[in-house]
2 protein chains.
Amino acid sequence: MKSEKITSLSGGHEGKQRRSYDDACGAAHALDLVGERWALLVMRELFWGPKRFSDIRAGLPGISANVLTQRLEGLEEAGIVTRRKLPPPASMQVYELTEWGRESEPIFQALGRWAVRSPKHDPSMPLSTSSFLLSLRTMIDAKRAKGLKARIGLCLAEETFMAVLEGGEITIKPGPLKKPDLTLTGEARMLAGAVYGGQLAALEAGGQISVEGDKALAERFVTLFPLPAKAG
Amino acid sequence: MKSEKITSLSGGHEGKQRRSYDDACGAAHALDLVGERWALLVMRELFWGPKRFSDIRAGLPGISANVLTQRLEGLEEAGIVTRRKLPPPASMQVYELTEWGRESEPIFQALGRWAVRSPKHDPSMPLSTSSFLLSLRTMIDAKRAKGLKARIGLCLAEETFMAVLEGGEITIKPGPLKKPDLTLTGEARMLAGAVYGGQLAALEAGGQISVEGDKALAERFVTLFPLPAKAG
DNA sequence: CTGTATCCGTGTTGATACTG
DNA sequence: CAGTATCAACACGGATACAG
C-alpha cells in the first residue's frame with residue numbers, strides 16, 4: 001500500500017487536506033497554490049482593488065457560489081488574498097490581494113501572451129473589466145509607447161480607472177482622473193475591439209464606445225497594443 | 001435551464017467535450033488549454049527534448065498512466081505536443097513540444113519566480129532533471145552573470161546537457177559538451193543544493209556531487225542564482 | 001517493454017435550492 | 001448580499017488487464 005500523496009499544506013491546522021504535487025519545482029508549487037480550477041481567475045478579478053463576493057462573481061460567468069467560497073478560503077490560507085470588513089457605516093466584507101498576491105501579475109502576462117497565439121483563441125467571448133485592464137499592461141509595446149506621455153480616463157461598466165502612459169509603460173489605478181487628456185467609455189469588450197480589433201472609428205460611430213478629448217491621442221493609443229502572430 | 005457551459009474546443013470533431021471558461025481573457029484561454037491537473041508539469045518534462053511515455057512518468061511521481069494518456073491527448077489536440085514515431089530500428093513513440101509549446105517557457109519562469117517566495121515552499125522535495133534545468137534559466141541573475149562566458153557540462157541521472165553562459169544568459173541543450181570548462185555531476189536535488197543552498201563544498205566533500213574542471217568557475221557559478229526573498 | 005483501455009473507490013466540481 | 005446544503009456529474013488515482 002503506497003503513501004497517499006496527500007500532504008497537508010495547512011500546517012497542522014485540522015482543516016481539509018489538499019492534494020499536492022509533492023515537487024520542489026517552483027512551478028509545481030505555484031500549481032499547488034493556484035492550480036485549482038478558477039483560482040487564478042478569482043485573483044484576476046481582484047487585481048484592480050478590493051471587491052465583494054458578488055462583484056467577483058459578476059466577472060466570472062460560470063463560477064458557482066460554493067466554488068467561489070472554497071477558492072477564496074484557499075487563497076486566503078495561502079496568503080494571497082485577505083478578507084477585510086469595512087467600517088460599520090458600510091459594514092460589508094471585501095476581498096483583496098496581498099502584496100505578494102499582486103506580484104503574481106507576470107504570471108498573467110506570460111499566460112496571456114502565450115495563449116492569444118493559440119489557434120483556438122476566440123476574442124469574441126465575454127471579457128471582464130479586470131481582464132481588459134490586465135491585457136493593456138500585458139500587450140503594450142514598450143517601443144511604440146516610449147516617448148508618449150498621457151493621462152487617460154477609462155470608464156467601464158460604471159467603474160472608472162486612471163491610466164497613465166509614461167516611459168513605455170502603462171500604469172492603471174482605480175478611481176477617476178482629473179483633467180485627463182482623453183477619456184474612453186464603453187464596455188470592456190467594445191474597448192477591446194477598438195484597441196485590438198482596429199475598430200476605434202467604427203465603434204465610436206456606432207455609439208458602442210465614446211471618445212472624449214484628444215482624438216489624435218486616441219488614434220495613436222489604439223496602435224500601442226499589437227497582437228502577437230498566431231502559432232502553427 | 002441554463003446552457004451547460006460545455007463548449008467544444010475540438011471544433012466539430014466528435015471527441016469528448018471539454019470544460020471551458022468561455023472567457024476572452026488570454027489567461028483564461030491559457031487555462032482552458034493547460035489548466036488541467038498535471039498538464040503544465042507534463043510540458044515541463046518535455047522542455048529539454050522528446051521523451052517516451054515512461055520517461056515522462058518518471059519525472060512526475062504521482063501521475064497515473066491513464067491521466068498521463070489523457071493529458072498527452074489534450075496537449076496534442078491543442079497543438080502543444082506532437083507525437084512522433086522513431087524510425088523502425090528503434091521504432092518507438094516519443095512526445096515532444098511544438099515550437100509554440102516551447103515558447104511557454106516564460107509561464108514556467110513567472111510561476112517559479114513567484115511561488116518560491118511562498119512561505120509554504122519546501123525545496124527539500126523531489127526535483128526532476130527537467131525542473132532543475134528550467135530553474136537555472138529562471139533564477140539566473142543577468143547582472144551577476146554578465147561578462148561571464150563559460151561552457152559547462154551537466155550530468156544528471158544518466159542524462160548529459162550542455163550549458164553555455166554568455167551575455168548574462170544561460171542556454172541549455174541536451175547532449176554532451178566537448179571540452180567543457182567545468183563539469184558538474186549529480187542528482188538534480190543535490191546540484192540544486194549546491195546552487196541554491198550554498199552547499200557546493202559540502203556536497204562535493206560528501207561525494208553527492210562531483211566537480212571536474214575549473215573549480216573557481218564552479219564557485220562563481222553557484223553564486224549566479226540568488227533566491228528571491230520570501231513574501232509575508 | 002511501452003503504452004492503452006477499463007473498472008472502481010474517492011474526491012472535486014457545479015447547479016439548484018435554501019438560510020442568515 | 002453572502003454564503004451554506006445537497007446532490008449529481010465528473011475527474012483523479014490505483015489496479016489490472018490488454019495490445020503491439
Side-chain angles (χ1 to χ4, degrees), chain A residues 1-9 15-23 31-32 34-42 45 50-76 81 83-86 89-95, chain B residues 1-8 15-23 31-32 34-42 45-46 50-76 81 83-86 88-96:
Chain A
M1 202 177 278
K2 277 193 76 175
S3 78
E4 287 211 346
K5 293 288 177 199
I6 304 241
T7 303
S8 173
L9 287 177
K16 283 178 191 161
Q17 292 178 313
R18 299 181 130 290
R19 209 184 289 274
S20 162
Y21 288 112
D22 284 338
D23 191 317
L31 297 172
D32 281 338
V34 299
E36 285 173 304
R37 193 165 165 75
W38 294 108
L40 278 167
L41 300 189
V42 171
E45 289 304 307
K51 278 194 181 182
R52 286 179 301 176
F53 190 91
S54 307
D55 293 330
I56 299 170
R57 238 190 132 176
L60 299 173
I63 199 173
S64 54
N66 52 2
V67 171
L68 180 53
T69 299
Q70 286 168 219
R71 288 305 160 273
L72 287 168
E73 282 169 358
L75 292 170
E76 190 178 10
V81 162
R83 98 177 54 196
R84 203 154 45 94
K85 205 166 193 110
L86 296 185
S91 198
M92 63 186 187
Q93 199 163 224
V94 293
Y95 300 86
Chain B
M1 200 179 277
K2 278 194 77 178
S3 78
E4 286 212 346
K5 293 288 175 199
I6 305 242
T7 303
S8 173
K16 282 177 192 162
Q17 293 178 312
R18 298 181 131 292
R19 213 181 286 276
S20 162
Y21 287 113
D22 284 339
D23 191 316
L31 296 172
D32 281 339
V34 299
E36 284 172 304
R37 191 164 165 77
W38 295 107
L40 278 168
L41 300 189
V42 171
E45 290 303 307
L46 294 176
K51 278 194 181 180
R52 286 176 302 177
F53 191 91
S54 307
D55 293 329
I56 299 171
R57 240 192 129 174
L60 299 173
I63 198 172
S64 55
N66 50 4
V67 171
L68 180 52
T69 299
Q70 286 168 221
R71 288 304 161 273
L72 287 168
E73 282 169 358
L75 292 170
E76 190 178 11
V81 162
R83 94 179 56 196
R84 205 153 45 93
K85 204 165 195 112
L86 295 185
S91 197
M92 62 185 189
Q93 199 163 222
V94 292
Y95 299 86
E96 68 183 330

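Labels below follow one simple rule: chain letters A, B, ... track the order of the sequence lines, proteins then strands, and each chain is numbered from 1.
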Engineer: Give the rounded distance in Å between these two atoms: CG of L41(A) and C1' of dG14(C).
Structural biologist: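 Whole-Å distance recorded here is 15 Å.
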
Engineer: Tell me: CD of Q70(B) to C1' of dT4(C), nearest whole Å?
Structural biologist: 11 Å

Engineer: Any side-chain N or O of R57(A) less than 4.0 Å from the OP1 or OP2 oxygen of dG3(D)?
Structural biologist: no

Engineer: Would one find a side-chain N or O of R83(B) under 4.0 angstrom from OP1 or OP2 of dT4(C)?
Structural biologist: yes

Engineer: Would you say a side-chain N or O of S64(B) is under 4.0 Å from OP1 or OP2 of dC12(D)?
Structural biologist: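 Checking S64(B) against dC12(D): no side-chain N or O falls below 4.0 Å of OP1 or OP2.
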
Engineer: Take the protein atom CD1 of I56(B) and the nucleotide atom P of dT2(C), then report the distance between them rounded to whole Å.
Structural biologist: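 After rounding, the gap between these two atoms is 13 Å.
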
Engineer: Using 0.5 Å steps for rounding, measure from the NZ atom of K51(B) to the CD1 atom of I56(B).
Structural biologist: 7.5 Å

Engineer: Any N or O donor-acceptor pair under 3.5 Å from the base of dG14(D) to the side chain of N66(B)?
Structural biologist: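 Result: at least one qualifying N/O pair found.
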
Engineer: Measure from the side chain of S54(B), starting at C-beta and using heavy atoms only, and say which of dC10(D), dG3(C), dT12(C) lies closest.
Structural biologist: dG3(C)

Engineer: Under 3.5 Å, side chain of D32(B) to main-chain N/O of Y21(B), donor-acceptor pair present?
Structural biologist: yes

Engineer: Within the pair R37(B) and dC12(D), is there a side-chain N or O less than 4.0 Å away from OP1 or OP2?
Structural biologist: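 Negative; the distance criterion is not met.
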
Engineer: Could you tell me how far apart L68(B) (CG) and dG13(D) (P) are, to the nearest whole angstrom?
Structural biologist: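 So the CG-P distance, L68(B) to dG13(D), works out to 11 Å.
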
Engineer: Return the set of residues passing side chain to side chain contact (heavy atoms under 4.5 Å, CB included) with S54(A) (not counting sequence neighbours), or none when no residue passes.
Structural biologist: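 Expected list: none.
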
Engineer: Do R37(B) and R19(A) have side chains that get closer than 4.5 Å, going by heavy atoms?
Structural biologist: yes

Engineer: Would one find a side-chain N or O of Y95(A) under 4.0 angstrom from OP1 or OP2 of dG3(D)?
Structural biologist: yes

Engineer: Is it true that the NZ or CZ of R83(B) lies under 6.0 Å from the centre of F53(B)'s six-membered ring and within 45 degrees of the ring axis?
Structural biologist: no

Engineer: Report the nucleotide, chosen from dG14(C), dT2(C), dA2(D), that has the shortest atom-to-atom distance to any side-chain atom of V67(A).
Structural biologist: dG14(C)

Engineer: Look at the side-chain N and O atoms of W38(B) and state whether any lies under 4.0 Å from the OP1 or OP2 oxygen of dA11(D).
Structural biologist: no

Engineer: To the nearest Å, give me how far apart CD1 (I63(A)) and P (dA15(C)) are.
Structural biologist: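 One finds 10 Å between P of dA15(C) and CD1 of I63(A), rounded.
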
Engineer: Ignoring backbone atoms, test whether Q93(A) places a side-chain nitrogen or oxygen under 4.0 Å from the OP1 or OP2 oxygen of dG3(D).
Structural biologist: yes

Engineer: Could you work out which one of dA2(D), dG3(C), dT13(C) sits closest to the side chain of F53(A)?
Structural biologist: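 The nucleotide sitting nearest to the side chain is dA2(D).
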
Engineer: Expressed in angstrom and rounded to an integer, what is the separation of R71(A) atom CZ from dT13(C) atom C1'?
Structural biologist: 8 Å

Engineer: Which nucleotide, dA5(C), dT2(C), dT4(D), lies nearest any side-chain atom of T69(A)?
Structural biologist: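 Looking only at side-chain atoms, T69(A) lies closest to dT4(D).
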
Engineer: Rounded to the Å, how far apart are E36(A) CD and dC10(D) C1'?
Structural biologist: 16 Å

Engineer: What is the separation between atom CG on L72(B) and atom P on dT4(C), rounded to the nearest whole Å?
Structural biologist: 7 Å

